[in-house]
Protein chains: 2
Amino acid sequence: MAAKHVKEMEALKEHLGKHQLKLTRQRELILSAFLRQEHITAEAMYHQLAKSDPHLGLATIYRTLNLFCDAGLAQARHFGSQTQYDNIAHKGHHDHLICTGCDKIVEFENCDIERLQEEVATQNGFIIKTHRLELYGLCSRCRH
Amino acid sequence: MAAKHVKEMEALKEHLGKHQLKLTRQRELILSAFLRQEHITAEAMYHQLAKSDPHLGLATIYRTLNLFCDAGLAQARHFGSQTQYDNIAHKGHHDHLICTGCDKIVEFENCDIERLQEEVATQNGFIIKTHRLELYGLCSRCRH
DNA sequence: ATCATTTTGAGACAGCTTATCAATTTCAAT
DNA sequence: ATTGAAATTGATAAGCTGTCTCAAAATGAT
């Protein structure tokens, strides 16, 4: 367990304590790997951790990532046919401009949009954990 | 085919023509049903259309809804374990607030966000055709 | 160290979507 | 209107993602 993830480790322990759950070697391992990512799928983590622990089961990874969601450390987001588990602590979110002509993807960040999103959420009694913004259109080259 | 959906019907025909695809009774039927919805799952449409055509296959509905996505009439959105097909013409410009606690969906519209999106796109040489904005978080009840 | 409780790993299982393929339908060219 | 190549359909098998089952192992309070 890297020292820099102590805060998240404590948060997990607190959740475990409150719900009569136990701290296991696997949960520590998966948390450590998870906190290094911005977002990851269970399958990707399964392959990534196969080196560290070849016997770590896929079901355990799913269970543990869902546990992280319950503990407020992760956020599940359905993307394509898979579930992405977002690292809530991770900063530096960016959105996407996607050209439907050539599939080019441009990443961008806009504080004003983020602020307005918060405003909308507050008006509706929501607290935002993550978001997804994708703008689909034609880039300058594909516009002809 | 209802007369009010002529525009979408033309758009579909144009797409079919460009890709050597054919206009079938099923495609007309499914388009007609789809345009009456704001968003729908393949399964829901399957049951809904069972009255009109008991032999219409589920696979055909999936294929056709995906065709509508290619034609720019629909947009697939993965939510929970299912895929929602959004009616782009009907939906116009509204986005979603999604509660990850109870799966509640609140639709909203915000002109300022739309304007900023256009701004970002212009700065990057893009012309937006559609977009998707989803805010994930907890609603007032699930926040505890 | 003991022992009730929780967790794990492996595979079975379930839900949603796509692939397969023979039979049918479409549509451009007669 | 008929023909025939190509696309589409319907039924179902197969694939993929994620959850459930359960015996064996690990945890942690005593």
Side-chain angles (χ1 to χ4, degrees), chain A residues 1 9 12-31 33-34 39-50 52-71 74-86, chain B residues 1 9 12-31 33-34 39-50 52-71 74-86 100 103:
Chain A
M1 213 45 215
M9 188 66 212
L12 176 60
K13 280 183 183 169
E14 187 182 330
H15 179 83
L16 295 176
K18 277 183 184 167
H19 296 81
Q20 295 168 292
L21 304 174
K22 293 174 178 176
L23 181 62
T24 65
R25 182 180 58 77
Q26 289 89 341
R27 285 173 177 169
E28 284 191 275
L29 177 64
I30 294 171
L31 179 60
F34 176 69
H39 48 75
I40 194 169
T41 64
E43 193 76 28
M45 178 163 280
Y46 180 62
H47 288 113
Q48 185 176 307
L49 289 182
S52 320
D53 184 350
H55 293 290
L56 187 60
L58 184 55
T60 298
I61 294 181
Y62 274 107
R63 282 186 292 231
T64 305
L65 289 173
N66 287 333
L67 170 69
F68 293 170
C69 291
D70 293 341
Q75 169 93 47
R77 182 167 50 89
H78 302 279
F79 186 75
S81 58
Q82 289 191 296
T83 299
Q84 291 279 342
Y85 290 88
D86 293 346
Chain B
M1 213 44 216
M9 188 66 213
L12 175 60
K13 280 183 183 170
E14 187 183 330
H15 179 83
L16 295 176
K18 276 183 182 165
H19 296 81
Q20 295 168 290
L21 304 174
K22 294 171 178 177
L23 182 62
T24 65
R25 183 179 57 77
Q26 290 88 340
R27 284 174 178 170
E28 285 191 273
L29 177 64
I30 294 170
L31 179 60
F34 176 68
H39 49 75
I40 193 168
T41 64
E43 193 76 28
M45 178 163 280
Y46 180 63
H47 288 113
Q48 185 175 310
L49 289 181
S52 321
D53 184 350
H55 293 290
L56 187 60
L58 183 56
T60 298
I61 293 180
Y62 273 108
R63 281 186 295 233
T64 305
L65 289 173
N66 287 333
L67 170 69
F68 293 169
C69 291
D70 293 341
Q75 180 158 17
R77 181 167 49 89
H78 301 277
F79 184 72
S81 58
Q82 287 192 297
T83 300
Q84 291 278 343
Y85 291 87
D86 293 346
T100 55
D103 286 350

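Just so we're clear, the structure is a prediction, and the values are computed from it rather than from any experiment. In what follows, every chain begins at residue 1, and chains take the letters A, B, ... in the order their sequences are listed.
- Within the 4.5 Å cutoff, the side chain of A/T64 has no heavy atoms near those of the A/Q26 side chain.
- Distances shown here put a side-chain N or O of A/Y62 below 4.0 Å from the OP1 or OP2 atom of D/dG18.
- Across the protein-nucleic acid pair, A/H55 atom NE2 and D/dA24 atom C1' stand 15 Å apart, rounded to whole Å.
- The nearest whole Å value for the distance from the CD atom in B/E28 to the C1' atom in C/dT25 is 13 Å.
- The side chain of A/T83 places an N or O atom within less than 4.0 Å of a non-bridging phosphate oxygen (OP1 or OP2) of D/dG18.
- Counting distance only, with no hydrogens placed and no angle test, the side-chain atoms of B/R63 and the base atoms of D/dG10 include a donor-acceptor pair under 3.5 Å.
- Counting atom types as modelled, A/K22 pairs no side-chain N or O with a base atom of D/dA26 as donor and acceptor under 3.5 Å.
- Distance from the side chain of B/A59 is smallest to D/dA11 among D/dG28, D/dA11, C/dT6.
- Nearest to the side-chain atoms of A/R25 among the listed nucleotides D/dG10, C/dT6, D/dT27 stands D/dT27.
- Between the side chain of B/H78 and the main chain of A/F79, no donor-acceptor pair closer than 3.5 Å is present.
- Nucleic acid contact class of A/E43 (heavy atoms, under 4.0 Å, all strands): none.
- Closest of all the heavy-atom pairs between B/S52 and B/L29 is CB-CD1, 4.3 Å.
- Taking only side-chain nitrogens and oxygens, B/H78 never comes nearer than 4.0 Å to OP1 or OP2 of C/dT17.
- Between A/F34 and A/Y85, the ring centre distance reaches or exceeds 6.0 Å.
- Phosphate contact (OP1/OP2 of D/dG10, side-chain N/O of B/T60, threshold under 4.0 Å): present.
- One atom, CG of A/L12, and another, P of D/dT27, lie 14 Å apart when rounded to the nearest Å.
- B/T24 has a side-chain polar atom (N or O) that falls below the 4.0 Å cut-off from OP1 or OP2 of D/dT9.
- One can place CG of A/L65 at 15 Å from P of D/dT17, the figure rounded to the nearest angstrom.
- Residue contacts shown for A/R27 are limited to sugar-phosphate atoms, with no base heavy atom under 4.0 Å away.
- Rounding to whole angstrom units, CD1 of residue A/I61 and P of C/dA10 are separated by 12 Å.
- A/L58 comes within 4.0 angstrom of nothing in the nucleic acid, heavy atoms only.
- Between B/M45 atom CE and C/dC16 atom C1' there is a gap of 17 Å when expressed in whole angstrom units.
- Distances shorter than 4.0 Å separate none of the side-chain N or O atoms of B/Q26 from OP1 or OP2 on C/dT25.
- Each of B/T60, B/L65, B/L58 was checked for a side-chain contact (heavy atoms from CB on, under 4.5 Å) with B/Y62, and the lone residue meeting it is B/L58.
- When all heavy atoms of B/A33 and B/Q48 are compared, the closest pair comes out as CB-NE2, 4.3 Å.
- Listed candidates were D/dA11, C/dT17, D/dT27. Nearest to the side chain of B/Q82 is C/dT17.
- Not one side-chain nitrogen or oxygen of A/N66 sits closer than 4.0 Å to the OP1 or OP2 atom of D/dG18.
- Separating the CG atom of A/L23 from the P atom of D/dA25 is a distance of 21 Å, rounded to the nearest angstrom.
- Per the geometry, CG belonging to A/L29 stands 16 Å off P belonging to D/dA26, to the nearest Å.
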